[in-house]
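Notes follow the structure.
Everything numeric here is computed off the predicted structure, so don't read it as measured data. To find a chain, count down the sequence lines: A is the first, B the second, and so on, and within it residues start at 1.
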Number of protein chains: 2
Amino acid sequence: MQIRNNIRRLLQYRMCLIRFRELGFERVYSYSLGREAGVSPEQIRKDFSRFGIKGNKRGGYLISELLDSLNYIFGKNELQDVILIGVGNIGMALARYNCGFFKRRKYIVAGFDIDPSKIRKINEIPVLPMEVMPRFVKENGITVGIMAVPAISAQEICNMLVNAGIKGIMNFAPIVLKAPREVVIENINLCNVLESVIYCANYARDDLGVLEC
Amino acid sequence: MQIRNNIRRLLQYRMCLIRFRELGFERVYSYSLGREAGVSPEQIRKDFSRFGIKGNKRGGYLISELLDSLNYIFGKNELQDVILIGVGNIGMALARYNCGFFKRRKYIVAGFDIDPSKIRKINEIPVLPMEVMPRFVKENGITVGIMAVPAISAQEICNMLVNAGIKGIMNFAPIVLKAPREVVIENINLCNVLESVIYCANYARDDLGVLEC
DNA sequence: ATGGTTATGTTATTATTTTCACAAAAAGTG
DNA sequence: CACTTTTTGTGAAAATAATAACATAACCAT
């Protein structure tokens, strides 16, 4: 039972709905939302159905109600604290973006780094030495961490996080992390993503005519 | 015919193979590579098969040969120039990471921004005003761009890129870009990714027992 | 009211992806 | 040199996901 894709789409729908609301719309239809989100209307109805979200026959969906439902699903109202491990290029950018996360009620409450020169505040976020991480996680009930560390130390740090009680990791290190099944790991390899776009844009077109990519 | 997933996995395999090589290994087996890449052995053989990559019955795969094949597929040898639009938080981080891209023969050759205060060099990369982008793209035969701009201006900039002749876009703006079918677009919404990890880590576990996420 | 229209919700169908299963080739062994 | 073991490569089967189809409810106009 794999629901990660559903969830990702729901989040995308929410993003579009927020824009629709800002534009002053009150209602959406699976058709209009689908066009905005780049998804088929049937897919949207299926996704909603799966999470028990109901619309109005003939009347589409009330944006405010939809957003309420989605926010309920994703726990919008509670502020969710996360930590950041590794305050290099990417880590720094994420720390600086924190107010963007905050709008969605996600908040980087602390950064951690092995490098002592990084131990300072960045954008109001305290950056602490790696050693205090486990205690911080336990004391603050942190369940999710963002890893932006070099590949070489990534698995070790992942183990530390798991031992400290972390249940989900968003990983930017170019390595496939190994962790117990119950820990959710999302590996984001920006280099690979760029490379796949380059490949699809340049090479994958004249192979067999229509190589959807 | 959808091959984006295959490609993504191949890139992941390559990443693992590079590590294996660094560790001094000469051969891999679908089994060992699979464990490292978090993929089943059959999947690996299928992926290789699809791209005409052959191994040795009983002898597995020679890492050097595999890497040659993969580098051939992904055009490792030619240096691929890309441009960056938007030099804010994320854009800056990517520009600073350029040497990492360079190792893979991908290189951000220029950044562009509307904000005049951003017009300067970052990490050897010239940042130019937005207006000169189309000419730059045409004169340098750029086919792929990275967008790290605010959502509000994203679609407009996407259109500019497409008009200038760009064939692939890696987009960090929180919006689903619309472009002609032949233009490859990869939307990366970091906020949504984080949120999906949080959801899977915190909520999706006690629903039906085994909610694989 | 009542009939027509429209958009949902869900079932059925199709397509895609992954896993399974096994034949065939290579390498080792006695 | 036969025999066993091991690992690939691929066709068949199973599982998943996406699309199509359509019955049903709500709304609107007459």
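- Listed nucleotides C/dA7, D/dT19, D/dT6 differ in distance to A/Ser40; the shortest reach to its side chain belongs to D/dT19.
- The nearest whole Å value for the distance from the CZ atom in B/Phe48 to the C1' atom in D/dT8 is 12 Å.
- One finds a side-chain N or O of A/Ser49 lying less than 4.0 angstrom from the OP1 or OP2 phosphate oxygen of C/dT10.
- With distances taken from any side-chain atom of B/Arg45 to the nucleotides C/dT6, D/dG9, C/dG28, the minimum falls on D/dG9.
- In this structure, of C/dA12, D/dT10, C/dG9, it is C/dA12 that holds the atom nearest to the side chain of A/Lys46.
- Between B/Leu66 atom CG and D/dT7 atom P the separation is 16 Å, expressed in whole Å.
- Interatomic distance, B/Ile18 CD1 to B/Arg104 CZ, rounded to the nearest 0.5 Å: 5.5 Å.
- Proximity of B/Lys54 to the phosphate of C/dA25: no side-chain N or O atom is located under 4.0 Å from OP1 or OP2.
- Side-chain atoms of A/Arg58 lie closest to C/dT6 of the nucleotides C/dT6, C/dT8, C/dT18.
- In this structure, the CZ atom of B/Arg50 is 17 Å from the C1' atom of C/dT19, given to the nearest Å.
- Residue B/Ser30 places at least one side-chain N or O closer than 4.0 Å to OP1 or OP2 of D/dT8.
- Distance from the side chain of B/Glu42 is smallest for C/dT19 among the nucleotides D/dC27, D/dT19, C/dT19.
- For B/Asp47 and D/dG9, the CG to P distance is 12 Å, given to the nearest whole Å.
- Both A/Asn5 and A/Arg27 lie near DNA chain D, and the one whose nearest nucleotide falls closer to the 5' end is A/Asn5.
- One interatomic measurement links the two molecules: OH of B/Tyr29 to P of C/dA25, which rounds to 20 Å at whole-angstrom precision.
- Shown here is A/Tyr72, whose OH atom has no more than 12 heavy atoms of other residues, nucleotides or ligands within 6.0 Å.
- D/dA17 atom P lies 11 Å from atom CD1 of A/Ile3, rounded to whole Å.
- Of the candidate nucleotides C/dG9, D/dA18, C/dA21, C/dG9 has the atom nearest to the side chain of A/Lys57.
- Between the NZ atom of A/Lys138 and the CD1 atom of A/Ile166 there is a distance of 10.5 Å, given to the nearest 0.5 Å.
- The backbone N or O of B/Ile142 sits nowhere less than 3.5 Å from a side-chain atom of B/Asn140 that would complete a donor-acceptor pair.
- Rounded to an integer number of Å, the gap from CZ of A/Arg4 to P of C/dT17 is 19 Å.
- For the pair B/Gln43 CD and D/dT16 C1', the interatomic distance rounds to 13 Å; values are reported in whole Å.
- Checked against A/Glu195 for a salt bridge (charged side-chain N to carboxylate O under 4.0 Å, His left out), the options B/Arg4, B/Arg105, B/Arg8, B/Arg14 give a single hit: B/Arg14.
- In this structure, of D/dG9, D/dA20, C/dT18, it is D/dG9 that holds the atom nearest to the side chain of B/Tyr61.
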